[in-house]
Amino acid sequence: MKSFRSTVLSAVFGALLCAAPLLNAQAKTPGDQLIVGMSMANLFSIDPANAPGLDASGINANLYDTLILRKDGSPDEHVPQLAERWEASEDGRQLTFHLRSDARFHSGNPVTAEDVAWSLYRVLKLNYGLATTWKAYGYTLDNIQQLIRASDESTLVIDLPQPTDPLLMIDTLATSPSAVVLDRKTVLEHERNGDLGAAWLVTNEAGSGPFTLSAWRANDTLVMTAFADYWGGASKLKRVLIRHITESQSLRLMLERGDLDMGYGMAASDVQALAAKGQMQIQTLPRGTMYYVAMSMKSAPFDDIRVRKAVRSLIDYQGLDKVVMPYYGKLNQQPMQLGLEARLPDPGYTLDVEAAKKLLAEAGHPQGFKTTIRTLAEPPFVNIAASLQSTLAQAGIQASIITGTGNQVYGAMRARNFEIIVARGAERYPHPYFSLRTFVYNPDNRDDAGIANFQGWRAAFQDAELNGLIDKLGVERDEAAKLSMYHRVQQRYDELAGPIMMISQMTDPVVSSADVKGFQGADAEATRYLGVYKQR
């Protein structure tokens with residue numbers, strides 16, 4: 001006998017299949033549904049405790065709520081979501097959040113402060129990469145339930161275990177993928193062998209957001225349906241259907257003939273072709289995520305600073321920026337996002353084969369060496385890897401490209417089992433402190449530390465001076481002192497030829513039909529469909 005969920009899945013996908021010929025014949029999608037095309041190759045889990053990627057965050061932003069949100073992407077201003085108001089104690093060591101009374105989970109259960117506290121405890125208990133976010137503030141399994149607690153059903157109290165700028169904690173609660181609030185009762189109904197619902201939440205949700213998850217078939221289709229009882233008012237869209245489409249030309253064709261309303265991740269040539277016709281809306285959304293080339297310092301040859309400097313001289317930054325990255329990203333050579341006051345100008349790295357050859361000879365590799373480049377089998381990653389393979393060869397480095405899914409590629413990096421990788425990673429949010437913690441900080445370089453949320457740990461990079469500066473930045477209140485320390489961190493990282501070498505800051509080209517209105521995709525962390533509708 002089929003389960004209820006299986007029956008629902010069959011009904012939803014059956015309806016979609018039946019509707020396909022009609023959609024093609026009319027060249028118009030249903031007025032109350034948004035049909036989106038994108039690659040879902042990196043979408044392998046939507047469990048908020050283990051879903052750090054941009055694709056998963058974009059889905060979860062519609063299924064779940066957080067206590068607060070950033071105002072217009074600003075790291076210093078926040079607006080209510082599940083919390084109506086909040087305040088900090090005079091000493092900055094305690095935050096109190098007062099929850100709204102009308103929020104309900106998709107199950108019908110009320111959203112309580114206990115749900116919020118338990119959701120954060122669950123992240124630390126499961127101890128995936130995102131747990132590092134909370135460990136960095138000093139939370140442990142031994143103290144988190146005493147320090148983050150519900151004083152009553154609508155009041156959450158957060159004590160900071162160590163001196164920290166409280167604004168950093170507030171911003172983390174607004175932006176971290178792991179800060180969403182789960183329906184504790186529903187999740188625990190699906191607990192198996194003490195996993196806190198982890199197996200179930202890979203492909204299911206227990207949120208209070210404006211949409212519910214109706215169906216998901218990996219690398220096929222994901223369907224979200226409007227939650228009629230959403231506290232913020234029901235969505236104008238009845239359904240958002242996301243189709244797994246990896247080929248840019250297929251996305252372009254389906255947009256042109258009306259089979260899709262919106263497409264993500266298209267090649268620059270196809271975006272330019274659609275722009276030339278003037279029939280589509282094209283937005284280039286700024287993201288904080290960085291495209292980078294990373295080397296593992298866990299073993300030779302990349303533990304040698306001369307080899308790292310050689311590879312840095314063999315990246316064609318300007319060529320990639322002009323040829324590969326239009327509509328994907330903007331040139332950025334710092335471990336910090338563009339436009340921030342604390343960011344120094346780019347160091348001015350350029351392709352210099354002769355300098356690289358000299359460095360390799362000094363390091364004992366006059367003929368180069370063999371290595372591998374891991375990357376996703378999709379643009380622009382594979383294009384960056386192909387360019388790097390070519391320029392490395394000019395100095396004698398023979399690199400084989402190994403492509404794979406997001407889980408395979410990033411899994412290898414999280415396991416510290418790679419040589420060179422072309423990837424895209426956080427920090428997505430426009431804040432200098434969080435950028436540097438993500439890419440530069442590594443408090444424990446042991447393999448079994450398991451702090452995969454720090455990119456520096458993944459690359460086996462650690463420096464005591466950098467760690468000390470970043471620790472001080474977490475508590476410093478004087479703006480001039482902070483600015484000086486931010487500059488020193490960037491200078492020091494350059495001096496050490498840090499192994500995660502930024503090449504571009506992500507921009508996200510989104511193409512949509514002319515009748516799609518209300519799309520607000522400017523948030524660095526997520527894409528929200530609550531205010532989207534079709535004007536017909």
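Nothing fancy with the numbering, it's 1 onward along the sequence.
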Under the criterion side chain to side chain contact (heavy atoms under 4.5 Å, CB included), I'd like the reasoning laid out for Met502 against Phe439: C-alpha separation, chi angles, the key distance, then a yes or no.
CA-CA 10 Å; Met502 311 301 162; Phe439 291 115; 3.3 Å; yes
Taking it one step at a time, do Ser513 and Asp515 satisfy side chain to side chain donor-acceptor pair (under 3.5 Å)?
CA-CA 6 Å; Ser513 58; Asp515 61 359; 2.8 Å; yes
Chi angles and distances behind the side chain to side chain contact (heavy atoms under 4.5 Å, CB included) call for Asp183, His106
CA-CA 8 Å; Asp183 183 344; His106 301 152; over 6 Å; no
Give the C-alpha distance, both sets of side-chain angles, the deciding distance and a yes or no for side chain to side chain donor-acceptor pair (under 3.5 Å) between Glu378 and Thr246.
CA-CA 7 Å; Glu378 60 186 62; Thr246 58; over 6 Å; no
Mind running side chain to side chain donor-acceptor pair (under 3.5 Å) on Asn109 and Ser107 for me, showing each step along the way?
CA-CA 6 Å; Asn109 294 328; Ser107 65; 3.0 Å; yes
Please walk me through it: do Phe44 and Val202 pass side chain to side chain contact (heavy atoms under 4.5 Å, CB included)?
CA-CA 8 Å; Phe44 54 88; Val202 169; over 6 Å; no
Could you walk me through whether Asn332 and Arg343 pass the side chain to side chain donor-acceptor pair (under 3.5 Å) check?
CA-CA 11 Å; Asn332 187 357; Arg343 183 185 180 277; 2.7 Å; yes
Under the criterion side chain to side chain contact (heavy atoms under 4.5 Å, CB included), I'd like the reasoning laid out for Leu222 against Val36: C-alpha separation, chi angles, the key distance, then a yes or no.
CA-CA 10 Å; Leu222 185 147; Val36 180; over 6 Å; no
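Taking the six-membered ring for Trp, Tyr441 and Phe454 have ring centres closer than 6.0 Å. With ring centers used as reference points, Phe461 lies under 6.0 Å from Tyr493. Ring pair Tyr291/Phe381: centre-to-centre distance below 6.0 Å.
For Gln146, the CD atom is densely surrounded, since the number of other residues' heavy atoms within 6.0 Å is greater than 12. A 6.0 Å sphere centred on NZ of Lys482 holds more than 12 heavy atoms belonging to other residues, nucleotides or ligands.
Asn50 and Asp47 share no donor-acceptor pair across their side chains, judged by distance under 3.5 Å alone. A donor-acceptor contact closer than 3.5 angstrom links the side chains of Thr225 and Ser214. A donor-acceptor contact closer than 3.5 angstrom is absent between the side chains of Asn407 and Thr405. At a cut-off of 3.5 Å, with distance as the only test, a side-chain donor of Trp134 or Ser178 sits close to an acceptor on the other residue. Looking only at atom types and distance, the side chain of Asp65 has a donor-acceptor partner in the side chain of Ser208 under 3.5 Å away. Side-chain N/O atoms of Gln455 and Thr438 include no donor and acceptor closer than 3.5 Å.
Closest heavy-atom contact between Ala51 and Ser57: O-OG, 4.1 Å. Leu466 and Asp463 make their closest contact through N-OD2, 3.0 Å (heavy atoms, listed as atom of the first residue, atom of the second, distance). Across every non-hydrogen atom of Ser45 and Ala56, the tightest pair is O-CB, 3.6 Å. The two atoms that bring His190 and Trp200 nearest to each other are CD2-NE1, 3.2 Å, heavy atoms only. Nearest heavy-atom pair, Ile500 versus Gly456, reported as atom, atom and distance to 0.1 Å: CD1-N, 3.9 Å. Minimum heavy-atom separation, Gln505 to Leu338: OE1-N, 2.7 Å.
Here Asp115 does not pair with Arg122 in a salt bridge; the nearest charged N to carboxylate O distance is not below 4.0 Å. Residues Arg239 and Asp32 are not paired through a salt bridge, judged by the lack of any N-O separation under 4.0 Å between the basic side chain and the carboxylate.
A distance of 13.0 Å separates CD of Gln337 from NZ of Lys330, quoted to the nearest 0.5 Å. Distance CE/Met413 to CZ/Phe418: 4.5 Å, rounded to 0.5 Å. Taking CG of Leu67 as the start and CZ of Phe97 as the end, the distance is 5.5 Å to the nearest 0.5 Å. Residue Leu147 holds its CG atom at 7.0 Å from CZ of Arg149, rounded to the nearest 0.5 Å. Asn143 CG to Asp159 CG: the interatomic distance, rounded to the nearest 0.5 Å, is 10.0 Å. From Leu168, atom CG reaches atom CZ of Phe434 across 4.5 Å, with rounding to the nearest 0.5 Å.
Checked by atom type and distance alone, the side chain of Glu476 pairs as donor or acceptor with a backbone atom of Asp478 at under 3.5 Å. In this structure a side-chain-to-backbone donor-acceptor pair under 3.5 Å is missing from Asp195 to Glu191. Side chain of Gln33 to backbone of Pro30: no donor-acceptor contact under 3.5 angstrom is found. No donor-acceptor pair closer than 3.5 Å links the side chain of Arg243 to the backbone N or O of Gly37. Listed for the Tyr121 side chain is no donor-acceptor partner under 3.5 Å among the backbone atoms of Val116. The backbone N or O of Leu160 sits less than 3.5 Å from a side-chain atom of Arg93, completing a donor-acceptor pair. Between the side chain of Gln281 and the main chain of Val516, a donor-acceptor pair closer than 3.5 Å is present. Between the side chain of His78 and the backbone N or O of Ile68, no donor-acceptor pair lies under 3.5 Å. Put simply, the side chain of Asn62 gets close to the backbone of Thr527: a donor and an acceptor are under 3.5 Å apart. For the pair Asn60 (side chain) and Leu63 (backbone), a donor-acceptor distance under 3.5 Å is absent.
For residues 97-112, every residue pair satisfying the salt bridge (charged side-chain N to carboxylate O under 4.0 Å, His left out) rule, not counting sequence neighbours, is listed here: Arg100-Asp102. Residue pairs meeting the salt bridge (charged side-chain N to carboxylate O under 4.0 Å, His left out) criterion with at least one member in residues 438-448, sequence neighbours excluded, are Lys298-Asp447, Arg416-Asp447, Asp444-Arg446, Arg446-Asp448.
For His98, the side chain to side chain contact (heavy atoms under 4.5 Å, CB included) criterion is met by Arg85, Glu87, Thr96, Thr155, not counting sequence neighbours.
A perpendicular orientation is assigned to the rings of Tyr433 and His431, their planes being inclined by more than 60° (bins at 30° and 60°).
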